[in-house]
Amino acid sequence: MAQKVLVVDDEKLIVKGIRFSLEQDGMEVDCAFDGEEALRLAEENAYDIILLDVMLPKMTGFEVCQQIRGFSNVPIVMLTAKGDDMDKILGLDYGADDYITKPFNILEVKARIKAIMRRTNRREPEKKESVKVVERGNMRLDCEGRRVYIKDREINLTAKEFEMLELLIKNAGKVYGREELLRLVWGADYPGDVRTVDVHIRRLREKIEEVPGEPMYVRTKWGVGYYFA
C-alpha cells in the first residue's frame with residue numbers, strides 16, 4: 001500500500017516541488033495551502049506523515065499541529081524558514097516529531113520522511129511475541145496497538161513519546177543518557193540536538209504523571225539521564 005502524505009504550505013511552488021518528488025517515489029500526496037484546510041484534511045483522512053509549514057494563513061502551523069494531536073498520533077514534521085532554535089523547540093512542544101529548516105534540499109526531506117516512517121512502522125517480531133503488554137503500577141502499555149493506559153484511561157501520545165516510553169518501560173531501572181535516547185529513538189542520522197529529548201520527556205511527563213514536577217514513572221538521574229522507575 002502506498003504511503004500517504006499531507007503537504008501543507010502556502011507557497012504553491014514549494015508544495016508542487018515536494019508533491020512531484022514524493023509521487024515519483026510512489027507516495028500518495030494531498031496538499032493544503034492554509035491551516036483550516038490542513039486541519040480538515042487531517043480529520044478526514046489517515047496519513048502516514050504530515051509536512052506542516054509554520055507560517056500559514058488562517059491558522060499557524062503550531063495551532064494546526066496542536067489540534068491534530070487532539071485526535072491523531074500521525075508523525076508531523078514542521079517546515080520553518082526561521083533559524084531560531086526557540087521556534088524549533090516550540091514546534092516540538094506543540095506535538096511535532098521533527099522539523100526541517102527552509103531552504104531545504106528535497107533529498108533531505110525525502111530522507112527524513114523515510115527515516116521517520118521506518119521508525120514509526122518498524123516491527124520486531126521476536127520482542128512482540130514475548131512482550132505484547134507491559135504493566136507497571138497503574139500503567140499498561142499495549143506494544144502491538146501502540147496505546148498507553150493509566151488506571152484504564154487511554155493517554156494520547158505522539159509516535160516519539162510512545163517509542164521513548166516503550167524503550168524506558170521495557171528496560172525499567174536502566175538509566176539512558178540524552179545522547180543515547182536521541183540515537184535510539186530518533187536515529188543516528190538525526191540532525192537535532194539533545195534538547196529534543198528534554199522537550200519530549202517534559203511533554204511525556206505532563207501526560208502520564210499526576211505531578212509532572214514530581215514524576216513517579218519517568219525519573220531523572222541527575223547528571224546521567226532518564227529512567228523508568
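Because the structure is predicted, anything quoted here is derived from the model rather than measured. These numbers come from the heavy atoms of this one structure, side chains and all, not from hydrogens, waters or symmetry mates.
- With sequence neighbours left out, the side-chain hydrogen bond (donor to acceptor under 3.5 Å, both in side chains) criterion links Arg219 to no other residue.
- Ion pairing between a basic and an acidic side chain is recognised when a charged N comes within 4.0 Å of a carboxylate O; Asp34 and Lys58 show such pairing.
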| request: For the pair Arg178 and Asp193, evaluate salt bridge (Lys or Arg N to Asp or Glu O under 4.0 Å) and give the outcome as yes or no after the intermediate values. | output: CA-CA 9 Å; Arg178 296 153 79 205; Asp193 57 40; over 6 Å; no
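- Looking at heavy atoms from C-beta onward, Arg140 lies in side-chain contact with Val133 at the 4.5 angstrom threshold.
- We find the CG-OG distance between Asn105 and Ser21 to be 9.0 Å, quoted to the nearest 0.5 Å.
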| task | Evaluate the criterion salt bridge (Lys or Arg N to Asp or Glu O under 4.0 Å) for residue pair Glu179 and Arg183; output intermediate values, then yes/no. | result | CA-CA 6 Å; Glu179 293 83 358; Arg183 177 178 59 81; over 6 Å; no
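- Using a distance-only test at 3.5 Å, with no hydrogens or angles considered, no donor-acceptor pair links the side chain of Asp48 to the main chain of Val5.
- With a 4.5 Å cut-off on side-chain heavy atoms, Arg69 and Val74 count as touching.
- For the pair Glu154 (side chain) and Arg147 (backbone), a donor-acceptor distance under 3.5 Å is absent.
- With rounding to the nearest 0.5 angstrom, the CE atom of Met27 is 11.5 Å from the CD1 atom of Ile18.
- The hydrophobic clustering, which links ILVMFWY residues whose side-chain heavy atoms are closer than 4.5 Å, places Val175 and Val185 apart.
- Of the possible donor and acceptor atoms, none in the side chain of Asn73 sits under 3.5 Å from a partner among the backbone N and O of Ala159.
- No donor-acceptor pair under 3.5 Å is formed between the side chain of Arg146 and the backbone N or O of Phe162.
- Of the inter-residue distances, the one linking Glu108 atom CD with Ile113 atom CD1 reads 10.5 Å to the nearest 0.5 angstrom.
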| said: Is there a side-chain contact (heavy atoms from CB on, under 4.5 Å) between Val8 and Val64? Walk through the geometry before answering. | reply: CA-CA 10 Å; Val8 187; Val64 174; over 6 Å; no
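- In this structure, His200 and Ala96 approach most closely via the heavy-atom pair NE2-O, 3.8 Å.
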| task | Output, in order, the C-alpha distance, side-chain angles, deciding distance and verdict of salt bridge (Lys or Arg N to Asp or Glu O under 4.0 Å) for Glu36 and Arg40. | result | CA-CA 6 Å; Glu36 290 182 357; Arg40 178 182 61 79; over 6 Å; no
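- Here the NZ-OH distance, from Lys221 to Tyr226, works out to 14.5 Å after rounding to the nearest 0.5 Å.
- To the nearest 0.5 Å, atom CD of residue Glu37 and atom CZ of residue Phe33 are 7.0 Å apart.
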| Hey, mind stepping through Tyr176 and Leu167 against side-chain contact (heavy atoms from CB on, under 4.5 Å) and telling me if it holds? | CA-CA 10 Å; Tyr176 288 89; Leu167 175 67; 3.8 Å; yes
| What's the verdict on salt bridge (Lys or Arg N to Asp or Glu O under 4.0 Å) for Asp142 and Lys132, showing C-alpha distance, side-chain angles and the deciding distance? | CA-CA 6 Å; Asp142 176 358; Lys132 295 182 179 179; over 6 Å; no
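- Cluster membership for Ile106 and Val29, using ILVMFWY side-chain heavy atoms within less than 4.5 angstrom, is shared.
- Leu182 and Val224 fall into different hydrophobic clusters, defined by Ile, Leu, Val, Met, Phe, Trp and Tyr side-chain heavy atoms under 4.5 Å apart, directly or through other members.
- Considering only heavy atoms from C-beta on, Tyr99 stays 4.5 Å or farther from Val54 through its side chain.
- Using a 3.5 Å distance cut-off with no hydrogens or angles, the side chains of Asn171 and Tyr227 do not pair a donor with an acceptor.
- The backbone N or O of Lys151 lies less than 3.5 Å from no partner atom in the side chain of Asn138, so there is not a single donor-acceptor pair.
- Using a 4.5 Å cut-off on side-chain heavy atoms (C-beta onward), Leu56 and Leu52 make contact.
- When atom types are taken as modelled, the side chain of Lys207 and the backbone of Asn156 share a donor-acceptor pair closer than 3.5 angstrom.
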| How far apart are the C-alpha atoms of Ile14 and Phe104, what are their side-chain angles, what is the distance that settles it, and do they pass the side-chain contact (heavy atoms from CB on, under 4.5 Å) test? | CA-CA 10 Å; Ile14 290 179; Phe104 49 73; 4.1 Å; yes
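- Taking the six-membered ring for Trp and the full ring otherwise, Phe62 and Tyr94 have centroids separated by under 6.0 Å.
- Counting heavy atoms from C-beta on, the side chains of Glu210 and Tyr217 never come closer than 4.5 Å.
- Leu41 is connected to Met59 through a chain of hydrophobic side-chain contacts under 4.5 Å among Ile, Leu, Val, Met, Phe, Trp and Tyr, so both are in one cluster.
- A donor-acceptor pair under 3.5 Å is absent between the side-chain atoms of Glu161 and the main chain of Leu157, judged by distance alone.
- By the 4.5 Å heavy-atom criterion applied to side chains, Glu28 and Gln3 are not counted as neighbours.
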| field | Criterion side-chain contact (heavy atoms from CB on, under 4.5 Å) on Arg205 and Thr220, from CA distance to verdict | value | CA-CA 11 Å; Arg205 284 172 170 167; Thr220 302; 2.7 Å; yes
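- Taken from SG in Cys31 to CG in Asp9, the straight-line distance is 10.0 Å, to the nearest 0.5 Å.
- Comment: Arg112 engages Asp98 in a salt bridge, judged by a side-chain N to carboxylate O separation of less than 4.0 angstrom.
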| field | Asp30 and Tyr47: CA distance, side-chain angles, deciding distance, side-chain hydrogen bond (donor to acceptor under 3.5 Å, both in side chains) verdict | value | CA-CA 9 Å; Asp30 286 345; Tyr47 293 104; 2.6 Å; yes
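- Counting heavy atoms from C-beta outward, Glu43 and Phe71 have side chains that approach closer than 4.5 Å.
- Counting heavy atoms from C-beta on, the side chains of Ile155 and Tyr149 never come closer than 4.5 Å.
- In terms of modelled atom types and a separation under 3.5 Å, the side chain of Glu63 and the main chain of Thr60 share a donor-acceptor contact.
- Taking both residues in full, the closest heavy atoms of Glu166 and Leu141 are given as CA-CD2, 3.7 Å, listed atom of the first, atom of the second, then distance.
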